[in-house]
K.L.:
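This is the structure, below, for whatever I ask next.
The sequence lines fix the lettering, A, B, ..., with proteins before strands; numbering per chain opens at 1. Both backbone and side-chain heavy atoms feed into the values below; hydrogens, waters and symmetry mates do not.
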Amino acid sequence: MRIATWNVNSIRTRVGRVVDWLVREDIDVLAMQEIKCKPEQFPAAAFEDAGYELAVHGLNQWNGVAFASRLPLDDVTTSFPGMPGFLKGEEGPGLPLEARALGVTVGDVRLWSLYVPNGRALDDPHYRYKLDWYAALTAHTREELARHPGLALALMGDFNVAPTDADMGDPSFVPGVSTHISPPERAAFEALEAAGVQDVVRPLVPQGYTFWDYKQLRFPRNEGMRIDFILGSSAFAEAVTDAAIHREERKGDAPSDHVPIAIDLGLDADDDDRPMIF
DNA sequence: ATGGCCTCAGTGTGAGGA
């Protein structure tokens, strides 16, 4: 089974490219972020004609998350319990939720497509929102794994944090000034991992970015950032057999500014110590 | 090579992205 995540930066603009890639790479389940449309605007036919069913969560022209899958999608969940909302100029609880989280179950595997808030600037209310969003996601993840020990769970998407200095290659992001590299953001990412999910791509792909800004020749200069991840529970991580960051998808006409990340899941049939997931 | 912002709503220009 091949699973992938991709911040597509508008699915209506990218539909041909995305479906071509799914078919070419034999992807079974794709988590998308920044679809930038409502469900009724989603170009569903192109996916369905290629053999994929959809789960779409979009409220307006911003954010938006979705799944495309060749396998049945069950237990579709929009937003996770405790997820904070946001409304410019206002603060406190009860603000409207944005379309940033979508959970599905495929077989016995629980998957989330996540688009973590950007933060905008260290002194912007959006930064507090980002940290609160991380805290709520961490609490939910911890509770979910406590409730279902041994669950194969993966959090996939755009986490908007470069966890290490090697993950930040964009010179416009300055320590002490910029988002994505601040100690509180990095601590929030580490706290999420400590809740019981680990980066299942980095051990197999130690180097490489997943995002390059459209501006200032960032891609030709390879001044990118590694901010898209697949974080898996122990049961999920043990089933990962391969991983790849598809850097080629940043080339050519009308690319997203993010590239897809794909992993293979499988099991050694002779190893009875491992849980049988598929 | 991979090339100097892009997308959306809406029709002029602001918001948002990272």
K.L.:
With rounding to whole Å, what would you report as the distance between dG10(B) and dC6(B) at their P atoms?
P.N.:
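Roughly 22 Å separates the two P atoms.
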K.L.:
By the 4.0 Å heavy-atom rule, please label Asp253(A) as base, sugar-phosphate, or nothing.
P.N.:
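The residue Asp253(A) makes no contact with any strand.
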K.L.:
Write down the distance between CZ (Arg218(A)) and P (dG4(B)), rounded to a whole number of angstrom.
P.N.:
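Taking atom P of dG4(B) as the reference, CZ of Arg218(A) is at 13 Å.
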K.L.:
At 4.0 Å (heavy atoms only), tell me whether Thr179(A) reaches a base, stays on the sugar-phosphate, or touches nothing.
P.N.:
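It contacts nothing in the nucleic acid.
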K.L.:
Could you tell me whether Asp165(A) and Arg186(A) make a salt bridge, using a distance below 4.0 angstrom between a side-chain N and a carboxylate O?
P.N.:
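Looking at Arg186(A) together with Asp165(A), the answer is yes, because their closest N to O distance falls below 4.0 Å.
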K.L.:
Using heavy atoms to find the nearest nucleotide of DNA chain B for Phe219(A) and Pro255(A) separately, return the residue whose nucleotide is more 5′.
P.N.:
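This one resolves to Phe219(A).
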K.L.:
For dA15(B) versus dG4(B), give the span between their C1' atoms, rounded off to a whole number of Å.
P.N.:
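dA15(B) and dG4(B) have their C1' atoms separated by 23 Å.
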K.L.:
Less than 3.5 Å apart, which donor and acceptor atoms pair up between the side chains of residues 192-201 of chain A and the rest of the protein, not counting sequence neighbours?
P.N.:
residue, atom, partner, partner atom, Å
Asp199(A), OD1, Val201(A), N, 2.9
Asp199(A), OD1, Arg202(A), N, 3.0

K.L.:
Looking only at side-chain N and O atoms, does Tyr209(A) come under 4.0 Å of OP1 or OP2 in dA18(B)?
P.N.:
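For dA18(B), OP1/OP2 do not have a side-chain N/O of Tyr209(A) under 4.0 Å.
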K.L.:
What is the distance, to the nearest angstrom, from the CZ atom on Phe229(A) to the P atom on dA18(B)?
P.N.:
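After rounding, the reported distance stands at 13 Å.
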K.L.:
Determine yes or no for a side-chain-to-main-chain donor-acceptor pair under 3.5 angstrom, with Arg100(A) supplying the side chain and Val65(A) the backbone.
P.N.:
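Looks like no, no N/O pair under 3.5 Å.
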K.L.:
Using side-chain contact (heavy atoms from CB on, under 4.5 Å) as the criterion, list what pairs up with Thr179(A), not counting sequence neighbours.
P.N.:
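Testing Thr179(A) for side-chain contact (heavy atoms from CB on, under 4.5 Å), a comparison that skips the adjacent residues, returns Leu122(A), Tyr127(A), Phe173(A), Glu185(A).
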K.L.:
Output yes when at least one side-chain N/O atom of Ser10(A) is less than 4.0 Å from OP1 or OP2 of dC8(B), else no.
P.N.:
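Yes, within the criterion.
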K.L.:
The side chain of Leu217(A) is closest to which nucleotide in this list: dG4(B), dG17(B), dC8(B)?
P.N.:
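The nucleotide sitting nearest to the side chain is dG4(B).
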K.L.:
Picking from dA18(B), dT2(B), dC8(B), which would you name as closest to the side chain of Asp213(A)?
P.N.:
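Selected nucleotide (nearest to the side chain): dA18(B).
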K.L.:
Does a side-chain N or O from Asn160(A) land closer than 4.0 Å to OP1 or OP2 of dA18(B), or not?
P.N.:
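Result: yes.
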K.L.:
Apply salt bridge (charged side-chain N to carboxylate O under 4.0 Å, His left out) to Asp123(A) and list each qualifying residue two or more places apart in sequence or on a separate chain.
P.N.:
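Counting only residues at least two positions away or on another chain, Asp123(A) forms no salt bridge (charged side-chain N to carboxylate O under 4.0 Å, His left out).
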K.L.:
Which part of the nucleic acid does Phe159(A) contact within heavy-atom distance under 4.0 Å: base, sugar-phosphate only, or nothing?
P.N.:
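Counting heavy atoms under 4.0 Å across all strands, no contact is made by Phe159(A).
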K.L.:
Is the positively charged end of Arg110(A) above the ring of Trp112(A), judged by distance under 6.0 angstrom from the centroid and angle within 45° of the axis?
P.N.:
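Yes, cation above the ring, under 6.0 Å and within 45°.
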K.L.:
Asp170(A) has an atom CG; how far is it from atom C1' of dG4(B), in whole Å?
P.N.:
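So the CG-C1' distance, Asp170(A) to dG4(B), works out to 14 Å.
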K.L.:
Using atom C1' of each nucleotide, how far apart are dG12(B) and dT7(B) to the nearest Å?
P.N.:
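16 Å, rounded to whole Å.
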K.L.:
Taking only the side-chain heavy atoms of Thr13(A) (C-beta and beyond), determine which of dC8(B), dA18(B), dC6(B) contains the nearest atom.
P.N.:
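Between dC8(B), dA18(B), dC6(B), the one nearest the side chain of Thr13(A) would be dC8(B).
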K.L.:
Please give, in whole Å, the distance from dC6(B) P to Asn7(A) CG?
P.N.:
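After rounding, the reported distance stands at 16 Å.
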K.L.:
Between C1' on dC5(B) and CG on Asp257(A), what's the gap in Å once rounded to a whole number?
P.N.:
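Interatomic distance, CG of Asp257(A) to C1' of dC5(B): 9 Å.
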K.L.:
In this structure, how many angstroms lie between the C1' atom of dG17(B) and the CD atom of Glu98(A), rounded?
P.N.:
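Spelled out: CD on Glu98(A) to C1' on dG17(B) is 12 Å.
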K.L.:
For Phe189(A), is there any backbone N or O sitting under 3.5 Å from a side-chain donor or acceptor partner on Tyr134(A)?
P.N.:
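The answer is no, because no donor-acceptor pair under 3.5 Å joins these two groups.
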K.L.:
Under 3.5 Å, is there an N or O donor on one side and an acceptor on the other linking the side chain of Asn118(A) and the base of dA18(B)?
P.N.:
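Check passes, donor-acceptor contact within cut-off.
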K.L.:
Considering only distance and modelled atom types, tabulate donor-acceptor pairs under 3.5 Å from the side chains of residues 85-92 of chain A, sequence neighbours left out.
P.N.:
none

K.L.:
So, the side chain of Trp6(A) versus the backbone of His258(A): is there a donor-acceptor pair under 3.5 Å, distance only?
P.N.:
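Yes, because the side chain of Trp6(A) sits within donor-acceptor range (under 3.5 Å) of the backbone of His258(A).
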K.L.:
For a quick check of understanding: with a heavy-atom distance under 4.0 Å over all strands, which category does Glu34(A) fall into, base, sugar-phosphate or nothing?
P.N.:
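Sugar-phosphate, no base atom in range.
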K.L.:
Any side-chain to backbone donor/acceptor pair from Arg226(A) onto Gly208(A)? Under 3.5 Å, distance only.
P.N.:
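Indeed, once roles are kept as given, a pair shorter than 3.5 Å links the two residues.
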K.L.:
Quick one: is dA18(B) close enough that its OP1 or OP2 comes under 4.0 Å of any side-chain N or O from His258(A)?
P.N.:
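It does, given that an N or O in the side chain of His258(A) lies less than 4.0 Å from OP1 or OP2 of dA18(B).
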K.L.:
Phe211(A) has an atom CZ; how far is it from atom C1' of dT2(B), in whole Å?
P.N.:
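Taking CZ of Phe211(A) and C1' of dT2(B), I get 15 Å after rounding.
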K.L.:
Answer with base, sugar-phosphate or nothing: what part of the nucleic acid does Arg100(A) contact at a heavy-atom distance below 4.0 Å?
P.N.:
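Sugar-phosphate contact only.
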K.L.:
So, the side chain of Thr77(A) versus the backbone of Asp75(A): is there a donor-acceptor pair under 3.5 Å, distance only?
P.N.:
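At least one qualifying donor-acceptor pair exists.
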K.L.:
Return the polar atom pairs (N/O with N/O) between nucleotides 9-15 of chain B and the protein under 3.5 Å, or none.
P.N.:
residue, atom, partner, partner atom, Å
dA9(B), OP1, Arg12(A), NH2, 3.4

K.L.:
Using a heavy-atom distance cut-off of less than 4.0 Å, which residues of residues 127-137 of chain A contact DNA chain B?
P.N.:
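Heavy-atom contacts with DNA chain B come from no residue of residues 127-137 of chain A; none.
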K.L.:
May I have the distance from Ile11(A) (atom CD1) to dT7(B) (atom P), rounded to whole angstrom?
P.N.:
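In whole Å, dT7(B) P lies 13 Å from Ile11(A) CD1.
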